[in-house]
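Whatever order the structure lists ligands and atoms in, that order sets their numbers, starting from 1.
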Amino acid sequence: MQPSIHRPTTITIDRQALRQNYLTFRQLAGPQRQVFAVVKADAYHHGAVEVAKTLQEVQVDGFCVATIDEALQLRQANITEPILVLNVVPVEQAPLAAQHDISLTVDSYEWLVQASKQVKTPVKVHLAIDTGMGRIGFRMPVDKASLLAACQILEQSPLLIPEGIFTHFATADEQNSAYFQQQWDSFEQTVAALPLKFSYVHMANTATAMWAPTLDNSNLVRLGIGLYGLSPAGKLRSDVALSLKPALSLTSQIVAVRQLQAGDKVGYGATYTVQAESEWIATVPLGYADGWHRNLSGSSVLVAGHKCPIVGRICMDQLMIKVPKRYALGTTVTLIGTQDQQTISVDDVASYGQTINYEILCSLSERIPRTYIN
Ligand SMILES: *Cc1c(COP(=O)(O)O)cnc(C)c1O
């Protein structure tokens, strides 16, 4: 989609926040661990290439993405650090990955057998171990035999490079650590029982890096949401005092304003009725096509440091807000970010919309152009 650059609705990405957050987690992870930046889904919609280049300024160790196309986009932008594709890709794509030095995730013995026949140049692989996420990987303990067989293929095939082994936690953001502990134990036992040595042994996402930073035997962190300055648990958990800085803000401007009288209606379905004798209603040029979903009707935005509610239903390209007085056209409206010491966080929006901060970020549409500062 073509970004609408002539409309005053803009995402601003603070590059300094990205660098600072990365360094915060690097320090937390300690010198024995590398930190790969997870830049899947266009870096949680912050812009993968810009984020990658920003992190190169602080000697980022590598990147994780979800698809081969996301990896190729980084390679085409001359990003030369290691890149791991976290999802399973069709085995026919292994030669393409090999050609561009992109590391792949393996979740079955069959995949390796096929790959060993198809690749002509070395391909680096990470074995995924399913210790309880139930998503991808060799399922423990039932797939122990096929995992051993996979290790054998890796030992015998010079073109399959056993670069890593990893698992992923289902509950790392939760206070109750019983299930987490179970997955952890399962992974430790699995790795210890294998005849192969892997360069990278990894299990930590942001939540694990934050709440269980002293994991043994792992030497790589896959840092996602924390890089962007948000907590994996949203507002649910705040027992670690990390000073993370949200990197993304979203602003627009008032493009129309009118004074309506008691009883007048606003928006589709005429669901909002002016209550006071008169109210100022301003129109802001973004809507659900930009990712500002209809279920955010009733939530607040900032105008001149005031919290102003969205009234009526959010439209595809516009929404209406109730403001305390007539503001000039062009007055800034902050939907995510800080204005005059007032803040609306992604977590505020997520709580209102009954979802998680990740989904709010990933909903922001490509129609909104991004500007990079610092
Ligand atoms: C997305 C993802 C991550 C990053 O998770 P955050 O919670 O954003 O840190 C790490 N590992 C895997 C396998 C993932 O899919």
- Query: If only atom types and distance count, is the side chain of Asn357 paired as donor or acceptor with the main-chain N or O of Ser231 below 3.5 Å?
  - Reply: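 At least one qualifying donor-acceptor pair exists.
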- Task: Return each pair, listed once, that meets ring-ring contact (aromatic ring centres under 6.0 Å, His included) where at least one residue sits in residues 7-39; pairs must be two or more places apart or across chains.
- Result: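 Counting only pairs at least two positions apart or across chains, the ring-ring contact (aromatic ring centres under 6.0 Å, His included) contacts touching residues 7-39 are Phe36-Tyr200.
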- Query: Who passes side chain to side chain donor-acceptor pair (under 3.5 Å) against Tyr288, sequence neighbours left out?
  - Reply: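 In terms of side chain to side chain donor-acceptor pair (under 3.5 Å), with neighbours along the sequence ignored, Tyr288 is linked to no residue.
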- Query: Do we see a donor-acceptor contact under 3.5 Å between the side chains of Tyr109 and Gln114?
  - Reply: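 Note: Tyr109 and Gln114 side chains miss the donor-acceptor criterion.
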- Name the residues in contact with ligand 1, where contact means a heavy atom under 4.0 Å away: which are they?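 Ligand 1 is contacted, at a heavy-atom distance under 4.0 Å, by Val38, Lys40, Tyr44, Leu86, Arg135, His168, Asn205, Thr206, Arg222, Gly224, Ile225, Tyr358.
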- Task: Please tell me if the side chains of Leu296 and Ile314 come closer than 4.5 Å, counting only heavy atoms from C-beta onward.
- Result: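 Contact flag for Leu296/Ile314 side chains = yes.
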- Return the set of residues passing ring-ring contact (aromatic ring centres under 6.0 Å, His included) with Phe138 (not counting sequence neighbours), or none when no residue passes.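 Applying ring-ring contact (aromatic ring centres under 6.0 Å, His included) to Phe138 gives none.
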